[in-house]
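In what follows, a structure is listed as structure tokens, so that the remarks can point back to it.
Given the structure is predicted, the values throughout are model-derived calculations rather than measurements. Numbered from 1 within each chain, the chains take letters A, B, ... in sequence-line order.
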Amino acid sequence: MKKLFIALVASIFSFSAMAGGHAEWWKKAGAPYAGTVLQGVAENTPPGQFAGEVLAKDFEALTGIKVQLENTSWDSMYDKAIKDMEANSGIYDFVYIEQDIVYDYLNRDFLVNITEGLANNPDLQAPGVSLDDFTTFIDYFKDGSGDVFGVPMEAFIKVYLYRKDLFEAADAKASFRAQYGYGLSPATSFEQYRDNAEFFTHYCADNGMECWGTTVQGHTGHPASTYEFLESIGPSFGLYNWGVNMDSYQSCVENGGQLNGGRAKAALNFWTQLLPFAPPEALQSTWSEVGASFAAGRAAQGWVYGENAAWIATDAEKSAVVGNVGVMLPPTAPGVMTQAASGNGYIGYFDGGAYGIPHSSKNKEATMLWLQYVAQNEVQADWAIAGGRITHKSTYADPKVMAVDEQADGYFTLMRDTGFLYAGAPPFPFHGAGRAAIDPFIYKALAGEMTPEEALDGACVALDKVMGDLGYQG
Amino acid sequence: MFSNNRTGWLLLSPTIFILILVGLVPFFYVLYVGFFKWNPLAVDPSMQFEGFGYNYRQLIFDEVFLSSIWRSIRFAVVTLFFELSLGFLLALSLLSSFPLKSFFRGVHTLPLVIAPIVVGSIFKLFTVQGLGPLPHFLKDFFGYTLNYGLNADQAFWMIVIMDIWHWTPFVTLTLLAGLSALPQDPYESAKIDGANNFQIFIYITIPMMVPVLIVVIFIRLMDSLKIVDEVWMLTGGGPGYATRFTGIHIWKEVFEKRFYGFGSAMSILYLYITIVICWLLYSVMVSRGKSED
């Protein structure tokens with residue numbers, strides 16, 4: 001009985017805290033919509049799971065509005081959301097908008113203007129919630145006039161993860177120095193990265209360990225591989241905006257683009273040459289499998305999405321490398337860091353997404369409440385810990401987040417301090433079509449059916465054709 | 001008589017209505033869209049009519065599309081051959097008595113009740129490099145490296161094996177039903193005349209089974225030509241174009257690239273090709289059946 005009472009009091013305090021001390025307002029605001037069921041669709045990521053399993057339940061307990069969040073695969077999420085919005089069928093009240101697809105959605109006028117919606121409905125404006133609390137990541141979800149069309153629910157950078165225990169092993173250090181003539185350490189250059197990868201592949205095999213030198217997000221039938229090349233490897237070599245000339249929308253060198261230029265070819269050569277040092281599942285790995293492989297201790301280093309970094313480093317139930325994860329910026333080619341710092345380039349992908357309301361939603365007002373609920377400062381810390389994501393400025397200073405940051409080798413601090421070196425996807429309304437044109441060439445390069453040079457020569461022609469067909473080349 | 005007809009039409013009308021709604025209307029809409037240049041991601045996202053043949057002319061020179069058709073036909077022929085051979089063999093086996101026959105009959109039909117996407121998942125779990133048991137055992141016992149993310153031939157044959165595993169039970173069941181319904185008189189006569197088992201199979205069983213075989217071949221042929229789900233799950237159409245069958249290619253053109261007009265034309269052309277293949281096959285089989293009569 002005593003335990004029940006304590007649990008009851010604790011849950012009341014918990015809801016009150018989650019509601020930013022405005023529990024009464026949330027109850028009152030939710031009352032007209034009590035019993036409403038909001039349907040949402042999002043990618044099944046750690047932050048999405050937290051929203052569906054924790055925040056949605058808290059929100060329902062507070063307002064009586066039920067949130068059914070369908071967390072599904074990336075492909076399926078897009079398929080469902082886009083078909084629903086195109087057909088105007090109103091199945092979903094809110095959809096996940098990945099940063100790279102937002103230009104497509106805005107271009108096609110799929111989304112409700114949240115700034116305008118809240119301004120027109122002052123009764124729906126939650127106390128203590130301000131869009132100004134967000135980091136600059138929210139800017140990706142604004143239109144030209146600064147109105148917000150999506151409430152960020154995750155934002156993270158793709159970092160370089162490495163196994164501290166392997167890099168610090170005395171025998172590994174000695175053996176590496178003997179073989180390569182310099183000291184073993186996490187990579188700051190591509191040559192060093194390759195040497196590390198080669199070394200640990202042999203080191204693991206020699207020591208009977210199921211591990212390899214590097215991760216490679218190299219699925220030969222899934223866009224994940226194209227994304228790793230265009231958004232991580234390419235930029236770190238100085239290949240920006242997919243190599244597309246943003247004035248002429250041409251990507252081949254002979255037409256003023258860079259997709260088949262020297263930097264792009266060097267990047268693809270470097271990346272494909274890592275395959276012998278990657279776990280055997282690399283060619284069937286998307287971002288999820290890369291995270292899982294690293295967490296299982298199957299790679300010594302790799303480019304890993306930040307949404308996975310926190311749990312890999314801290315969650316002993318899911319990860320076999322807790323306490324042994326190091327986090328750094330990925331290696332970059334000479335000059336790239338300077339360009340990124342001056343705003344003329346970027347070193348990798350600032351990934352993330354937001355929840356937006358389709359015009360077809362049948363419960364826009366209730367959904368506005370839900371989006372503001374997840375936008376509160378008070379819910380951010382636990383969400384950050386569960387999903388390795390930070391969307392609010394104040395979250396970095398939360399004691400719980402700082403504690404995890406320490407365990408995760410300063411991942412959150414790295415994101416706060418160096419996030420400006422990263423960038424979201426280029427503002428292409430034709431994002432999906434363009435990427436799909438490039439996909440087969442990346443697959444073929446990974447499978448060894450084409451050399452990297454042939455692949456990029458073919459990819460730029462295919463991309464230029466798509467941009468031409470769609471009328472972007474004037 | 002008129003009254004009877006009217007009642008018949010009245011009873012049929014819900015079916016006809018549904019057929020028109022879910023069959024003919026979408027078909028004519030796709031046919032209509034196929035005459036337009038239409039991509040909502042374009043600078044001009046509206047439907048633009050550029051002549052009836054615009055998309056079809058492009059298709060004729062689209063190497064990826066043409067190679068996907070060839071790949072799909074090759075896949076259909078290969079799977080059909082193996083499924084028919086295995087299915088016939090299993091159906092004949094199930095006619096005879098052996099211990100645990102009912103158990104085997106039940107177990108071997110299990111793949112049929114599994115959704116294609118789940119079949120893809122099962123095969124992926126079994127065969128994915130590094131984690132699946134099959135590559136592990138093949139490497140350990142035979143020194144064979146299975147990595148269909150890298151090897152185009154392996155990817156194609158892995159899809160073939162998956163399809164055979166999934167659909168052979170259907171062929172077996174259908175042929176078993178046909179075999180069970182065959183009259184016994186010709187068999188008794190043949191035995192009295194001294195025919196051996198092989199002669200009985202070739203000259204009595206096969207000819208009498210032709211109608212059933214035609215049905216099975218058509219169903220499996222059409223199914224194989226439009227395969228998508230399992231491939232999507234296992235290889236995603238890769239590596240490169242190795243398993244990009246026409247169904248997957250159409251999906252990518254329509255839902256990834258959003259070329260609605262082009263994709264619609266592709267669908268219509270592929271439907272036409274499928275009908276032509278089936279018609280040719282039907283003509284050959286029927287004319288052959290008549291000549292044997």
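For A/H219, the part lying under 4.5 angstrom from a heavy atom of chain B is the side chain only. Looking at A/A296, there are no atoms closer than 4.5 Å to chain B (heavy atoms on both sides), in backbone or side chain. Contacts of B/F259 with chain A are made by side-chain atoms alone, with heavy-atom separations under 4.5 Å and no backbone atom involved. Neither the backbone nor the side chain of A/P279 comes within contact range of chain B, judged by heavy atoms closer than 4.5 Å. Both the backbone and the side chain of B/P40 come within contact range of chain A, each with at least one heavy atom under 4.5 Å from a heavy atom of that chain.
Note that the CG atom of B/L41 and the CG atom of A/D469 stand 12.5 Å from one another [nearest 0.5 Å]. Interatomic distance, CG of A/D79 versus CH2 of B/W251, reported as 5.0 Å (0.5 Å rounding). Separation of atoms CD1 (B/I117) and OG (A/S76) is listed at 9.0 Å; rounding is to 0.5 Å. For the atom pair B/T235 OG1 and A/L283 CG, the distance stands at 13.0 Å (nearest 0.5 Å).
Per-residue heavy-atom pair counts under 4.5 Å with chain B were compared for A/I82, A/V466, A/N107, and the maximum is reached by A/I82. Interface remark: of the candidates B/E253, B/R244, B/E256, B/E256 forms the most heavy-atom pairs closer than 4.5 Å to chain A. Interface check for chain A: of the options B/A155, B/P135, B/A152, B/G236, the most heavy-atom pairs under 4.5 Å are formed by B/G236. Contact tally against chain A (heavy-atom pairs below 4.5 Å) for B/G149, B/A242, B/G238: the top residue is B/G149.
Between A/K444 and B/G240 the shortest heavy-atom distance is CG-CA, 3.7 Å. The minimum heavy-atom distance linking B/A42 with A/Y472 is given by the pair C-OH, 3.9 Å.
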side-chain contact (heavy atoms from CB on, under 4.5 Å), that's the test. Do B/L131 and A/R298 meet it? Break it down for me.
CA-CA 11 Å; B/L131 306 169; A/R298 293 170 66 80; 4.2 Å; yes
What verdict does the side-chain contact (heavy atoms from CB on, under 4.5 Å) test give for A/F430 and B/V43, after you've listed the backbone C-alpha separation in whole Å, the side-chain angles of each residue and the deciding distance to 0.1 Å?
CA-CA 9 Å; A/F430 53 83; B/V43 172; over 6 Å; no
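A cation-pi contact links A/K83 to B/F255, judged by a cut-off of 6.0 Å to the six-membered ring centre and 45° from its axis.
Counting only distance, with no hydrogens or angles, the side chain of A/Q284 and the backbone of B/Q129 share a donor-acceptor pair below 3.5 Å.
Residue-environment remark: CZ (B/F126) stays at or below the threshold of 12 foreign heavy atoms within 6.0 Å.
Inter-residue side-chain proximity for A/E86 and B/R258 is flagged as met; some heavy-atom pair is nearer than 4.5 Å. Using a 4.5 Å heavy-atom cutoff, the side chains of A/Y443 and B/P239 are not in contact.
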